[in-house]
Amino acid sequence: MISGKRLSKEFYTRDVLDVAPELPGKYMVIRLPDGIFGRFQVIEVEAYRGAEDKACHACKGRTPRTEIMFHKGGRLYVYLVYGMYWMLNVVTGEENIPQAVLIRGVENYSGPGRITKSFGIDRSFYGEDLDISERIWFEDTGARPVFKTGPRIGIDYSGEFWKTRPWRYYI
DNA sequence: TCAGTGATTAGG
DNA sequence: CTAATCACTGAG
């Protein structure tokens with residue numbers, strides 16, 4: 001069994017473009033619906049960076065939904081899209097700098113909507129503190145895998161510049 | 001390629 | 001109140 005050390009506030013309280021590339025290879029630990037804990041290596045993520053990023057929900061300003069992104073890093077931003085799929089995001093950066101990393105894929109599970117459906121992640125995880133949560137956190141095992149980058153998925157509406165930023169990171 | 005599905009948001 | 005939008009998925 002691979003063991004690791006829980007990532008602390010300091011890890012998340014950095015610019016999203018520093019945090020996101022370091023997440024692939026980390027482990028997501030979560031208490032599954034049956035009560036058993038699962039550990040899954042993070043495979044694919046995307047960075048959403050602040051008010052100027054037209055693909056980031058926070059570019060529309062501070063609303064009840066995006067509120068948590070304005071907090072210090074280390075919290076979860078969870079929202080429903082297309083009326084069916086919960087998206088799991090990790091808030092990063094300093095207070096009032098709205099950023100988040102979308103978890104697109106973990107070991108054996110591809111697709112952000114499939115992950116949350118499989119693991120029972122829903123609205124109740126909104127704002128969860130990764131430092132102290134007893135049902136979800138991330139761990140570092142020391143692995144530093146080689147990763148690739150590419151444009152983010154599903155944000156064609158954001159315009160030529162933002163939709164071509166290579167802010168998707170995957171193993 | 002395309003419909004399903006409902007919270008969120010801006011606007012009247 | 002109305003209506004548009006949507007960081008997706010599975011079927012065909």
Side-chain angles (χ1 to χ4, degrees), chain A residues 7 11-26 28 30 32-33 38 40-94 96-130 136-138 147-171:
Chain A
L7 295 172
F11 176 84
Y12 304 105
T13 312
R14 295 179 293 149
D15 190 278
V16 71
L17 295 184
D18 293 321
V19 177
E22 293 184 16
L23 275 173
K26 299 289 187 289
M28 182 172 83
I30 180 164
L32 300 171
F40 305 90
Q41 186 176 39
V42 177
I43 300 300
E44 181 179 10
V45 303
E46 283 176 359
Y48 288 85
R49 189 168 186 266
E52 63 169 19
D53 178 1
K54 291 293 183 287
C56 180
H57 291 164
C59 76
K60 302 280 190 183
R62 198 165 186 153
T63 67
R65 183 176 66 154
T66 62
E67 162 71 20
I68 197 67
M69 272 199 280
F70 289 78
H71 284 238
K72 267 183 67 173
R75 309 288 288 276
L76 291 185
Y77 168 45
V78 177
Y79 67 92
L80 190 67
V81 72
Y82 296 113
M84 283 179 270
Y85 304 104
W86 294 99
M87 297 290 104
L88 173 63
N89 296 253
V90 175
V91 174
T92 72
E94 299 288 347
N96 291 317
I97 306 292
Q99 306 179 332
V101 179
L102 170 67
I103 307 298
R104 291 199 72 89
V106 300
E107 195 177 357
N108 299 330
Y109 296 87
S110 297
R114 285 173 164 183
I115 291 176
T116 53
K117 185 178 180 186
S118 302
F119 299 166
I121 294 170
D122 59 15
R123 182 79 223 221
S124 74
F125 282 76
Y126 183 94
E128 192 87 354
D129 191 333
L130 295 172
I136 184 171
W137 63 87
F138 290 85
F147 63 86
K148 300 176 183 176
T149 65
R152 295 172 291 178
I153 308 288
I155 54 159
D156 286 352
Y157 62 84
S158 66
E160 195 55 32
F161 181 79
W162 296 105
K163 82 177 186 184
T164 55
R165 292 312 87 204
W167 290 352
R168 179 162 59 100
Y169 307 89
Y170 58 100
I171 296 175

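So that the names make sense, note that chain A is the first sequence line, chain B the second, and so on, each numbered from 1.
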Whole-Å distance between [N] [atom2] and [X] [atom1]?
| X | N | atom1 | atom2 | result |
| --- | --- | --- | --- | --- |
| Glu44(A) | dA7(C) | CD | C1' | 12 Å |
| Met87(A) | dT5(B) | CE | P | 17 Å |
| Glu46(A) | dC8(C) | CD | C1' | 12 Å |
| Tyr79(A) | dC6(C) | OH | P | 11 Å |
| Arg62(A) | dA10(B) | CZ | P | 15 Å |
| Asp156(A) | dT1(B) | CG | P | 13 Å |

Legend entry - Side-chain ion pair, Glu46(A) and Arg104(A), N-O less than 4.0 Å: yes
From [options], nucleotide with atom closest to [X] side chain:
| X | options | value |
| --- | --- | --- |
| Arg123(A) | dT9(C), dT8(B), dA7(B) | dT8(B) |
| Arg65(A) | dG4(B), dT9(B), dG10(C) | dT9(B) |
| Tyr82(A) | dT9(B), dA7(C), dC8(C) | dC8(C) |

For [X], which contact category applies under a 4.0 Å heavy-atom criterion: base, sugar-phosphate, or nothing?
| X | result |
| --- | --- |
| Met84(A) | base |
| Gly83(A) | base |
| Leu102(A) | base |

Inset, instruction - Ignoring backbone atoms, establish whether Arg104(A) has a side-chain N or O less than 4.0 Å from OP1 or OP2 of dC8(C). - result: yes
Legend entry - Distance below 4.0 Å between Tyr85(A) side-chain N/O and dA7(B) OP1 or OP2: no
Inset, instruction - Anything under 30° is parallel, anything over 60° is perpendicular, the rest tilted; go ahead and classify Phe40(A) against Phe119(A). - result: parallel
Legend entry - Side-chain (Tyr126(A)) to main-chain (Arg65(A)) donor-acceptor, under 3.5 angstrom: yes
Inset, instruction - Report yes or no: does Arg62(A) contribute a side-chain atom to a donor-acceptor pair with the main-chain N or O of Glu67(A) at less than 3.5 Å? - result: no
Inset, instruction - Report yes or no: is the ring centroid of Tyr48(A) under 5.5 Å from the six-membered base ring centroid of dA7(C), with the two planes under 30 degrees? - result: yes
Inset, instruction - Counting Watson-Crick and G-U wobble pairs only, both distances under 3.5 Å, name the nucleotide matched with dA7(C), or none. - result: none
Legend entry - Identified pairing partner of dT5(B), criterion: Watson-Crick or G-U wobble below 3.5 Å: none
Legend entry - Contact summary for Val16(A) and Ala100(A), nearest pair of heavy atoms: CG2-O, 3.6 Å
